[in-house]
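None of these values were measured; they are calculated from a predicted model. One is the number of the first residue; the rest follow in order along the sequence.
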Amino acid sequence: MKHLTVLFAATAAALVAPDQAIKLDEQQPAVSPELVQTWWDSTVSRSAKIFTKIEKGIEKATSEFDGYSFDGFDGFNSDSNLPPLPLHERKPHRGDKTKTIYELIKSNKYTTKFASLLDNEDFSDIKDLLDSSSHNKTLFVPTDKAFERIPHHGDKPPPKEFVLALLKYHIAPGLHTKVDLYHKHTLPSNLSLDTLGSRPQRLRISTGLLFSIRVNVISKIVYGNILAKNGIIHAIDHILIPPPSQAKIISLLPNTFSTFSLGLEKTELSVPDHKGGTLFAPTNSAWRRLGPRANAFLFSHHGLKYLEALLKYHFVVDQTLYSDAFYNSHKDEKAAVEDAEGGKYWHVDLETLLDDKAIAVDVKRWKGWVSIVLNGFTKVIFPDGIASDGVVQVVGKVLIPPHGHHGHAGEDDGKDIEVEELKARLERYVDRDEAGDL
């Protein structure tokens, strides 16, 4: 399942040609979520093979989930479950602490293309930021080889506002060494979009074999812990692209989310305007777990209102729940974010579109491990799918509102449920006449 956010790198194919100077379109408006979305729309036809590869990886991870158990961190008593970084990686020992981040990448022969972007007068603010010693920052700098991986498609160059957003997305406030990243799940960047309520767009951090660390899954840190006077540099092998919307992520992965997409289409469910949000997205296999009778009913004429109620229970607006951060427009957001980042265990009730019916969320973290459990039993099988308007948390079961107002769902919820039980669980949210329940 970790391959889901590989799609965030697919649009890199449209950026620049490796053998040409980077040019800018001067006629575009200021950076906006719509501009980022347009770039994602333009890459779909050219990236079919990439998305097919992603789908296969997700399908494999989903099948592994059927026998997966992650109950409470049992047995996590030693570092053998999450190997420590090698000694030579634990403390930064590279770089030059007498030079700024900009000076280091400007003088390095492996980062000339990124440095040339900074020297463009349109991006002088970014250059000044990386040359300033007032605050520490972390730069994920693409190597020249990262630019060479971008094929030339003959398209016009990207607008400067898009490139500006891209540059900001490579910078994170604060100093984050590889040891720090090894135990993180997301990281705020310097990029903010209106669709998140002007909050920082986050980067997804994941670890792999041989102590590898990846950003948004596809970008691997190939040379890290390069200290500078004003922060630290990690060289990556793919460019980081600001992510698409939740809806675009769902549409780009039909082999994983086609049933969910079909439900949204048939019910014509409208999600209200929001500033951030959390989408608990069930996979196709999650829908199959409901059983053929339940699916036949939900997608029939008489079941559409029940299906609409069920889908609403998967959408949370204005509250963006990552595994280690929480953007909450409803309460004191500073306290919420601090609780999420600092606590090993924390609980939150998220109100959904279903008459504000809440989902009980329990998050547990231990070093680099994380467990997100919904309503007491349903596990998030792929956390932190970064989106421009929030986050996608992928679930292996369809979420069904629990009995009563505060009860938890059952352990076998979402598996071969009887139609009558499903109707009973959703009846209070459905207009019987509109549902055709004669």
Less than 4.5 Å apart, any side-chain heavy atom of Thr278 and any of Val361?
no
Any donor-acceptor pair under 3.5 Å linking the side chain of Ser189 with the backbone of Gln201?
yes
Could you tell me whether a side-chain N or O of Arg365 sits under 3.5 Å from a main-chain N or O of Ser323, the two making a donor and an acceptor?
yes
Are a donor atom and an acceptor atom from the side chains of Ser245 and Asp389 found within less than 3.5 Å of each other?
no
Where do Glu308 and Lys305 land on the salt bridge (Lys or Arg N to Asp or Glu O under 4.0 Å) test, with the steps shown first?
CA-CA 5 Å; Glu308 181 180 3; Lys305 286 298 177 181; 3.2 Å; yes
Does a donor on one side chain sit under 3.5 Å from an acceptor on the other, for Asp180 and Thr177?
yes
Among all residues two or more places apart in sequence or in another chain, which pass the ring-ring contact (aromatic ring centres under 6.0 Å, His included) test with Tyr313?
none
Step-by-step side chain to side chain contact (heavy atoms under 4.5 Å, CB included) determination, Val271 to Val317:
CA-CA 8 Å; Val271 179; Val317 297; 4.0 Å; yes
Counting N and O atoms only, with roles assigned by atom type, does the side chain of Gln393 sit under 3.5 Å from a partner on the main chain of Gly385, one being a donor and the other an acceptor?
no
Looking at Asn108, Ile239, Val222, which one forms a side-chain contact (heavy atoms from CB on, under 4.5 Å) with Thr143?
Val222
Could you tell me whether the side chain of Asp144 and the main chain of Thr112 form a donor-acceptor pair under 3.5 Å?
yes
Donor-acceptor under 3.5 Å (Asp131 side chain, Tyr102 main chain)
no
Note: Asp237 and Lys220 closest approach over all heavy atoms is OD1-N, 2.8 Å
Does His176 offer a backbone N or O that forms a donor-acceptor pair with the side chain of Thr138 under 3.5 Å?
yes
Please name all residues satisfying ring-ring contact (aromatic ring centres under 6.0 Å, His included) with Phe280, sequence neighbours left out, ordered by chain then number.
none
Checking Asn375 side chain against Pro401 main chain: does a donor-acceptor pair fall under 3.5 Å?
no
Classify the angle between the aromatic ring planes of Tyr322 and Tyr327 as parallel (below 30°), tilted (30 to 60°) or perpendicular (above 60°).
perpendicular
Is the backbone N or O of Asn225 less than 3.5 Å from a side-chain atom of His234, with the two atoms forming a donor-acceptor pair by type?
yes
Do Phe382 and Thr256 come close enough that some side-chain heavy atom pair is under 4.5 Å?
no
Arg94 (side chain) donor-acceptor with Gly224 (main chain) under 3.5 angstrom:
yes
pair Ile359-Asp349: side-chain heavy atoms closer than 4.5 Å:
no
Are Phe140 and His170 an aromatic pair, judged by ring center distance below 6.0 Å?
no
With His314, which residues qualify under ring-ring contact (aromatic ring centres under 6.0 Å, His included), at least two apart?
none
Using side-chain heavy atoms (C-beta onward) and a distance below 4.5 Å, is Leu166 in contact with Leu240?
no
Any donor and acceptor pair, going by atom type alone, linking the side chain of His347 with main-chain N or O of Val363 inside 3.5 Å?
no
At what distance, to the nearest 0.5 angstrom, does CG of Leu304 lie from CG of Leu269?
12.0 Å
For a 4.5 angstrom cut-off between non-hydrogen side-chain atoms, does Asp96 reach Leu104?
yes
Close side-chain approach of Ser124 and Glu121, heavy atoms under 4.5 Å:
no
How far apart are the C-alpha atoms of Leu117 and Ile126, what are their side-chain angles, what is the distance that settles it, and do they pass the side chain to side chain contact (heavy atoms under 4.5 Å, CB included) test?
CA-CA 10 Å; Leu117 280 174; Ile126 304 298; over 6 Å; no
Is the shortest heavy-atom distance from the side chain of Asn216 to the side chain of Ile241 under 4.5 Å?
no
Is Lys106 salt-bridged to Glu103, going by a charged N under 4.0 Å from an acidic O?
no
Side-chain donor-acceptor pair under 3.5 Å between Ser132 and Asn230, yes or no?
no
Are side-chain heavy atoms of Phe257 and Val394 found at a separation under 4.5 Å?
yes
